[in-house]
Amino acid sequence: DVQLVESGGGSVQTGGSLKLSCVYSENTWKRHCMGWFRQVPGKEREAVVAINSSDGMTYYADSVKGRFTISQDSAKNTAYLQMNSLKPEDTAMYYCATRPSSCAGEGNWYKWRIYSYWGRGTQVTVS
């Protein structure tokens with residue numbers, strides 16, 4: 001199985017920044033999609049951003065465009081989520097997820113059901 005481990009969450013003030021990391025196991029497929037999702041208790045899981053490993057194509061939710069940036073370091077088996085200008089509404093548990101193919105385009109990347117493996121999450125609190 002593919003293992004994903006998130007880190008980097010914490011508590012910050014409005015306007016602050018955090019950088020989340022997602023370390024994935026070495027047996028992750030070379031061609032894959034890496035996504036970040038977030039969830040607040042009682043609400044549906046929300047897609048934040050995703051990246052195709054093969055061509056670097058990225059997809060962003062409108063709510064985070066211009067503030068969040070996804071990147072990936074294949075040599076370190078790590079994906080990152082740089083979050084700037086944080087708002088209280090960004091408060092959530094953040095999860096990374098992956099699937100063994102592309103992110104499936106604008107019409108599908110945000111659908112959590114297409115992702116095969118998930119990390120346990122890291123909490124982000126903005127006050």
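For Trp118 and Phe37, the ring centers sit closer than 6.0 Å to each other. Aromatic pair Tyr117/Tyr24: ring centres not closer than 6.0 Å.
Within the 3.5 Å criterion, the main-chain N or O of His32 finds a donor-acceptor partner in the side chain of Ser53. The main-chain N or O of Thr122 is never found under 3.5 Å from a side-chain atom of Glu6 such that the two would form a donor-acceptor pair. A donor-acceptor contact shorter than 3.5 Å is absent between the side chain of Ser85 and the backbone of Gly15. Under a 3.5 Å cut-off, the side chain of Gln39 and the backbone N or O of Ala92 do not form any donor-acceptor pair. Counting only distance, with no hydrogens or angles, the side chain of Asn52 and the backbone of Cys103 share a donor-acceptor pair below 3.5 Å.
Two residues are said to be in side-chain contact when any heavy atoms from C-beta on lie closer than 4.5 Å; Val12 and Ser17 fail this criterion. When side chains are defined from C-beta on, Ser127 does not count as touching Ser11, because their heavy atoms never get closer than 4.5 Å.
With Arg38 as reference, Val64 is the one residue of Leu81, Thr91, Val64, Val49 to meet the side-chain contact (heavy atoms from CB on, under 4.5 Å) rule. A side-chain contact (heavy atoms from CB on, under 4.5 Å) with Met83 holds for exactly one of Asp90, Val124, Val126; it is Val124.
Across every non-hydrogen atom of Met34 and Ala79, the tightest pair is CG-CB, 3.7 Å. Taking both residues in full, the closest heavy atoms of Gln123 and Thr125 are given as NE2-OG1, 3.5 Å, listed atom of the first, atom of the second, then distance. Contact between Cys33 and Ser102 at its shortest, heavy atoms only, is CB-C, 3.7 Å. Annotation for Gly8 and Leu18: closest pair O-CD2, 3.8 Å, computed over non-hydrogen atoms.
Ile70 is not connected to Tyr80 by any chain of hydrophobic side-chain contacts under 4.5 Å among Ile, Leu, Val, Met, Phe, Trp and Tyr, and they are in different clusters. Follow the hydrophobic side-chain contacts under 4.5 Å out from Val48 and you never reach Val23; the two are in separate clusters. Grouping the Ile, Leu, Val, Met, Phe, Trp and Tyr side chains by contacts below 4.5 angstrom, directly or via other members, places Trp112 with Tyr59. Linking Ile, Leu, Val, Met, Phe, Trp and Tyr whenever their side-chain heavy atoms come within less than 4.5 Å puts Tyr110 and Ile114 in one cluster. A continuous path of Ile, Leu, Val, Met, Phe, Trp and Tyr side chains, each step under 4.5 Å between heavy atoms, connects Trp109 with Met57, placing both in one hydrophobic cluster.
Within 6.0 Å of the CD atom in Glu89, the count of heavy atoms belonging to other residues, nucleotides or ligands exceeds 12.
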